[in-house]
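Remember, predicted model here, so these are calculated numbers, not experimental data.
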Amino acid sequence: MQRLTLLILIVSVILSGCASQSPKIRYAPSPVVAPTEAAESAWNDFLQVHPKSTIKWDPQTGHAREVLYFHTTKYEGAPTERARQFIAEHSALLGIPKSLESIRHVKTTPIHSEKGTGIDYVRFEQWIAGSRVEGTEIVVHTTTSGSVFGIHSRYYTNVMASVQPDISSQEAISISRRELGTDPADVLPDEAKIAFLPSANGLKLTWKVLADEWVFHVDAENGNVVSAFPAILNQSTGSGNAFIQNSCTGSLATVSLENLDGSGFLRSTFHDVVGAQGLRVSNPTLTFPFMTSQEKRLSQVGIYFHLEQARQFFTRIGFTPLFLPATAIANHGKSCNAAFLVARNAWRFGLSSNGNCGNSGHDGDIVVHEYTHKVVDESAFLSTTLDTTRAIHEGVADYFAASFFADPCIAETLSGSCGSCLRRANNQKVFPRDIAPGDKPHATGKILSGALFDLRSEVNPEFANRVALGALSGISSSATFADYARAAIFSAAALVDQADNFVATLVLSAAATEVPKAFCNRGITIPDELGGCQIVELEWFERQDFGGQRHTRRLFPVDHGRCMKLNHNDKMSSLRFHAVRGWKLQIFDDGDCDTNDDWGEIVFPAAATGVQVVSLTRIGSRGPSLASPLGTYQVFIQSRLAGKVSAIKTIQFGQ
């Protein structure tokens, strides 16, 4: 996990495990196709109307993969109709025929309340000659007011001329049964239907076969098995032993293993846990009471338990998986590394061959971190080759691992010794100072995980989690930290809009103001139109000579007019206010900012540069304004008033 990249595009074989030889999944590399002439012309026309928009080209089709950062004029009709109108108008850019006969509406995901504006994500799939193209989708982002502001597209334009299979459905069933090691004559009839599967050379015509709770794609031309994955319908609850967080922070506990498929394996509709070389634990009673001496079997139980807990966690805050069930391989290789393999939709959890670190399958931090990579991949479609996007992947994954357990110490079992952390979310990393040189996304990602964990510390954790997840849907595949911060602000605003009563709106609005501050504190720039990062800082000290313990509080444009308590531990004796023009600081000796009990007011007008040091005595209600030039203002609090200052209020006025 520390030295190997978590986002690896590979073509190796994943063993999915069954009684016989495991079914195999094969993926061919994607060719790089330049944008088509028609698509480039359409993009140039689009830029004339939306000059700030960005595009990501699909390397397989030469058409747009995603277009973001624009707002169209209002479309009429329901969200589905608005999305269809947009796709038809920009068919040349997307490579989708204007008739729209090749796409079908799947679902619309609303993120808004009835009383306010919000967002609808309208999803379509590609169909050809009455058959679904597997793994395709077109997602149009539209506001409830009727504007379209983004689109992601996985639509394949290089369609084969013929859709007639060379082998029959019964032959495809027999091939699938041979792969499973069972006789077709001994079982009930299986289901087989034509489907299209993306490949490096376009769309492959296949038979999609459901056989003995497995789904196979069999090449309809030559009979090769292209892919296989479990299609589990049952939901059962088992039990087993696992570490609740990790092997460093507690002993084994008996846990519930929810949503098992009833096969006796650690398998569900959502994930399938196997051991290295396809070896898997099995018990028809669904009980797995392994102990620490049974290292390799115990880790499989822990991985399933934490994957399922992570899935339920993300489902609760708004994530819906898009793609196929994923495989998790326990005790993999000879290293401590854990990874999510994007191209394979699979996880692997390493086991050291020399015992220099713990089994990554025992560490819930690691499992949640890796599950988050799947969430990020399916939510944001981030590039796996750019340093910044890889750092976003790692930063968001570290944040959710820390947030899930409410513990900023991440991956203790991989740190080399219990009591230390591989990484921490409550760090002091700042952009751009702490960008790690070279391709070190885990290190650079600490900047983002730190900002998000700061936010979590200031607001309700559930709010912070939803903001962090929601931001993923608003960034492009080549996003920067600043893009993510911008999307987080919009995500917070959408949550405020969903509030169902006045009190909830006030609470969420206050929480939303903390979002830009969390990023600005880490040096991640916020656009001026969203409040910017004009930072003013307060410093206060235990001694009158600005000595002793130092406390700080940063203020941002979103703080204007807010009453904030200072955590000074009754030892505030001197104060500095680092400000810019247009700021006024009022100081109170109680926590409610009552103007009948204030004792100081500092104003920063437009003035010459310089620094003044003024000693304030208690001046009663609405004392005189003390003018100061742009710069640093120092206030000595009289010793008889030490500890009395408990609240501040900031205001910005016309400049």
Side-chain angles (χ1 to χ4, degrees), residues 1 4-12 14 25 27 29-30 56 58-60 65-66 68 109 121 123 134-139 141 150-154 198 227 229 270-272 306-307 310-311 313-315 317-329 337-349 366-401 404 439 441-442 444-445 448-449 452 465 468-481 483-484 487 491:
M1 185 172 170
L4 295 181
T5 302
L6 292 176
L7 304 170
I8 306 172
L9 301 178
I10 64 170
V11 293
S12 61
I14 297 290
I25 306 174
Y27 287 92
S30 299
K56 174 70 175 180
D58 192 310
Q60 285 192 301
R65 177 74 170 270
E66 66 180 20
L68 296 172
T109 303
Y121 293 106
R123 298 179 183 274
E134 301 288 318
T136 59
E137 68 167 6
I138 303 94
V139 184
H141 309 182
I151 185 169
H152 288 90
S153 176
R154 288 186 174 181
S227 71
F229 56 90
F270 313 102
H271 24 256
D272 183 19
H306 288 297
L307 284 176
R311 184 195 67 79
F313 166 82
F314 278 105
T315 298
I317 64 174
F319 172 70
T320 302
L322 298 177
F323 303 130
L324 306 178
T327 300
I329 307 174
N337 187 52
F340 175 60
L341 313 176
V342 171
R344 306 307 310 275
N345 192 33
W347 299 281
R348 70 182 185 198
F349 297 93
I366 298 171
V367 178
V368 176
H369 175 106
E370 301 305 338
Y371 189 90
T372 306
H373 279 305
K374 177 179 174 66
V375 174
V376 174
D377 180 55
E378 295 187 9
S379 300
F381 306 106
L382 288 178
S383 168
T384 60
T385 59
L386 300 176
D387 289 353
T388 301
T389 52
R390 290 157 69 90
I392 292 174
H393 247 291
E394 300 303 341
V396 173
D398 270 359
Y399 165 71
F400 276 112
F404 182 88
D439 184 16
H442 295 89
T444 301
L448 187 56
S449 66
L452 291 172
N465 293 337
L469 175 65
L472 294 172
S473 298
I475 58 177
S476 71
S477 62
S478 57
T480 64
F481 282 171
D483 293 331
Y484 183 88
S491 175

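Put simply, CZ on Phe404 and NE2 on His306 are 7.5 Å apart, with the number rounded to the nearest 0.5 Å. To the nearest 0.5 angstrom, Asp272 atom CG is 10.0 Å from Ile329 atom CD1. The CG atom of Leu472 lies 8.5 Å from the OG atom of Ser491; values are rounded to the nearest 0.5 Å. Atom CG of Asp398 sits about 7.0 Å away from atom NE2 of His442, to the nearest 0.5 Å. Taking OG from Ser478 and CG from Leu382, the interatomic distance works out to 9.0 Å, rounded to the nearest 0.5 Å. A distance of 10.5 Å separates CD1 of Ile151 from CD of Glu66, quoted to the nearest 0.5 Å.
Annotation: side chain of Arg311 is in contact with side chain of Thr315 (closest heavy-atom distance under 4.5 Å). Two residues are said to be in side-chain contact when any heavy atoms from C-beta on lie closer than 4.5 Å; Val396 and Val375 fail this criterion.
Judged as a salt bridge (Lys or Arg N to Asp or Glu O under 4.0 Å), and not counting sequence neighbours, Arg65 has no contacts. Residues passing the ring pair (Phe, Tyr, Trp, His ring centres under 6.0 Å) test with Tyr371, sequence neighbours excluded: Phe314, Trp347. In this structure, the side chain to side chain donor-acceptor pair (under 3.5 Å) partners of His141, at least two apart in sequence or on a different chain, are His152. Taking the side chain to side chain donor-acceptor pair (under 3.5 Å) definition, one finds that Thr480 meets it with Asp483, sequence neighbours left out. Not counting sequence neighbours, the partners of Ala471 by the side-chain contact (heavy atoms from CB on, under 4.5 Å) test are Tyr484, Ala487, Ala488. Every residue two or more places apart in sequence or in another chain that forms a side chain to side chain donor-acceptor pair (under 3.5 Å) with Asn465 is listed here: Tyr399, Ser403.
When all heavy atoms are compared, the tightest approach of Ala479 to Ile392 is O-CD1, 3.6 Å. The heavy-atom pair separating Asp58 from Ser153 by the smallest distance is OD2-O, 4.4 Å. When all heavy atoms of Thr389 and Ser383 are compared, the closest pair comes out as OG1-O, 2.9 Å. The two atoms that bring Leu307 and Ala328 nearest to each other are CD1-CB, 3.8 Å, heavy atoms only. When every heavy atom of Ala310 is checked against every heavy atom of Val368, the shortest pair comes out as CB-CG2, 4.2 Å. Contact between Ala468 and Leu452 at its shortest, heavy atoms only, is CB-CD2, 4.0 Å.
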List the steps and the verdict of side-chain contact (heavy atoms from CB on, under 4.5 Å) for Phe400 and Ile317. CA-CA 12 Å; Phe400 276 112; Ile317 64 174; 3.9 Å; yes

Could you go through the side-chain contact (heavy atoms from CB on, under 4.5 Å) check for Asp387 and Thr444 one step at a time? CA-CA 9 Å; Asp387 289 353; Thr444 301; over 6 Å; no

I'd like to know whether Glu370 forms a side-chain contact (heavy atoms from CB on, under 4.5 Å) with Ile366, so could you lay out the CA-CA distance, the side-chain angles of the two residues, the decisive distance to 0.1 Å, and finally the verdict. CA-CA 6 Å; Glu370 301 305 338; Ile366 298 171; 4.3 Å; yes

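Relative ring orientation between His373 and His393 is described as tilted, the plane-to-plane angle lying within the 30° to 60° band.
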